[in-house]
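First the proteins, then the strands, lettered A, B, ... as listed; each starts at 1.
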2 protein chains.
Amino acid sequence: MKPDATAAADFLLEAFLPYELSVAANRISRLFARRYSAEFGISIAEWRVLAVVGRFGTLSPGGVAERTEMDKVKVSRAAASLVEAGLLEQSADPQDGRARRLRLTARGTGVHQAIIPRARALEAQLSAGMDPGDWATLRRLLRQVSAHAQALDDPEPGRAPAVP
Amino acid sequence: MKPDATAAADFLLEAFLPYELSVAANRISRLFARRYSAEFGISIAEWRVLAVVGRFGTLSPGGVAERTEMDKVKVSRAAASLVEAGLLEQSADPQDGRARRLRLTARGTGVHQAIIPRARALEAQLSAGMDPGDWATLRRLLRQVSAHAQALDDPEPGRAPAVP
DNA sequence: TGCATCCGGTTTCATTTGCAACTAATCCAT
DNA sequence: ATGGATTAGTTGCAAATGAAACCGGATGCA
């Protein structure tokens, strides 16, 4: 029989991209969480909300969800927790009775301004381990494969949606 | 005042490597889980155990933990669940009364042989989206940054452990 | 030998997560 | 306008997770 490229016995988990990617992401997330988020008492999810609300000034939970790739439940909970901690304030949207508006409080702004440089420092530490060109390449290729994965994920393989 | 490279207002979450990495990893894991693991009724953790036990024949839970980067609790639970599903068998280690030996059952071997080609197919689909050289580069750089992150994580920054 | 310690693995408990159901408000077609 | 379908956001519940406690069994050493 022909040498089978798909022989199961040959398969090495350590060389499987989804696995490698997951390991790398977990390591770096843990690193980030342990070093910085924990210091400010916020989780990764809360950090993401803080980051985008800090960036955009005022944002709806839905807007946060889009920009952080978190689902709305996670945003809702992270926001509630930040409100509880006094870092975020939530108000009704005058335009739309269903929507809410999120803004940082003074304390939230303080934490935001304190944590961003830490985030940048961590990234700098990571990139310090490698050639600058490689670093840029890594980011470009990562974005590429990520976008490709999303394209594979979204539409069910095959035919167009039935005419309604 | 000087233009501050660390101004918090400039920070873009979407361009923050830990974030990008996490998003990419989640997308691909979901893709994998939805397409294949779910089809065989196993979780990602179980898939990892299946993969390494299938690869090495017989392995202790500790050995699985090393090779999958899962902690021992997760391995224990995944193994229990696979045993429950009839894919794995767990026996006492004759050498060491504490240890256990894990092996695939016939059914487990069947699932293993069925799922590996699927995993390879997914990887092929992902890599099909990009230049083969880029693909290889991505994997190399990913491994590099992952190793670097581990180096940053493990040892507390600074001094050697106190003499006991 | 006897005892303190260490080690492999499992269990317990408190959180966290994800999904589906839910509430309330807007939209839209009649 | 009015009722049905959508949308924004929250909540409830069940499964997944992580940390620490736990249970033998092995090991070292007096």
Checklist line | Sugar-phosphate, base or nothing in reach of B:D93, heavy atoms under 4.0 Å | finding: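 The answer is nothing, as B:D93 stays clear of every strand by at least 4.0 Å.
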
Distance in angstrom units between [X] [atom1] and [N] [atom2], rounded:
| X | N | atom1 | atom2 | result |
| --- | --- | --- | --- | --- |
| B:E46 | D:dA16 | CD | C1' | 11 Å |
| B:R100 | D:dA26 | CZ | P | 10 Å |
| A:R98 | C:dC27 | CZ | P | 6 Å |
| A:K72 | C:dT23 | NZ | P | 14 Å |
| A:Q95 | C:dT26 | CD | C1' | 13 Å |
| B:R77 | C:dT11 | CZ | P | 10 Å |
| B:L102 | C:dG8 | CG | P | 14 Å |
| B:K74 | D:dA15 | NZ | P | 18 Å |

Next item on the list: Please determine, by modelled atom types, if B:S81 and B:E46 share a side-chain donor-acceptor pair under 3.5 angstrom.
Entry: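 Result is yes, a qualifying pair exists.
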
Check: Has A:S76 got a side-chain N or O lying under 4.0 Å from the OP1 or OP2 atom of D:dG9?
Finding: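 Answer no for this pair, as no side-chain N or O of A:S76 is under 4.0 Å from OP1 or OP2.
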
Margin query: For the aromatic rings, using the six-membered ring if either is Trp, is the centroid distance between B:F32 and A:Y19 under 6.0 Å?
Written below: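 So the answer is no for these two rings.
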
Checklist line | Position toward the 5' end of DNA chain D (nearest nucleotide), B:D71 or A:A99 | finding: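 It is A:A99, whose closest nucleotide lies nearer the 5' terminus.
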
Margin query: With nearest nucleotide decided by heavy atoms, which residue, A:S43 or B:R101, maps closer to the 5′ end of DNA chain C?
Written below: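 Between the two, 5'-proximity favours B:R101.
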
Next item on the list: Any chance you could lay out the salt bridge (charged side-chain N to carboxylate O under 4.0 Å, His left out) test for A:R139 and A:E123, step after step, and finish with the verdict?
Entry: CA-CA 12 Å; A:R139 309 190 51 160; A:E123 213 180 22; 3.2 Å; yes

Margin query: Return the CE to OG distance between A:M70 and B:S22, rounded to the nearest 0.5 Å.
Written below: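 The distance works out to 10.0 Å.
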
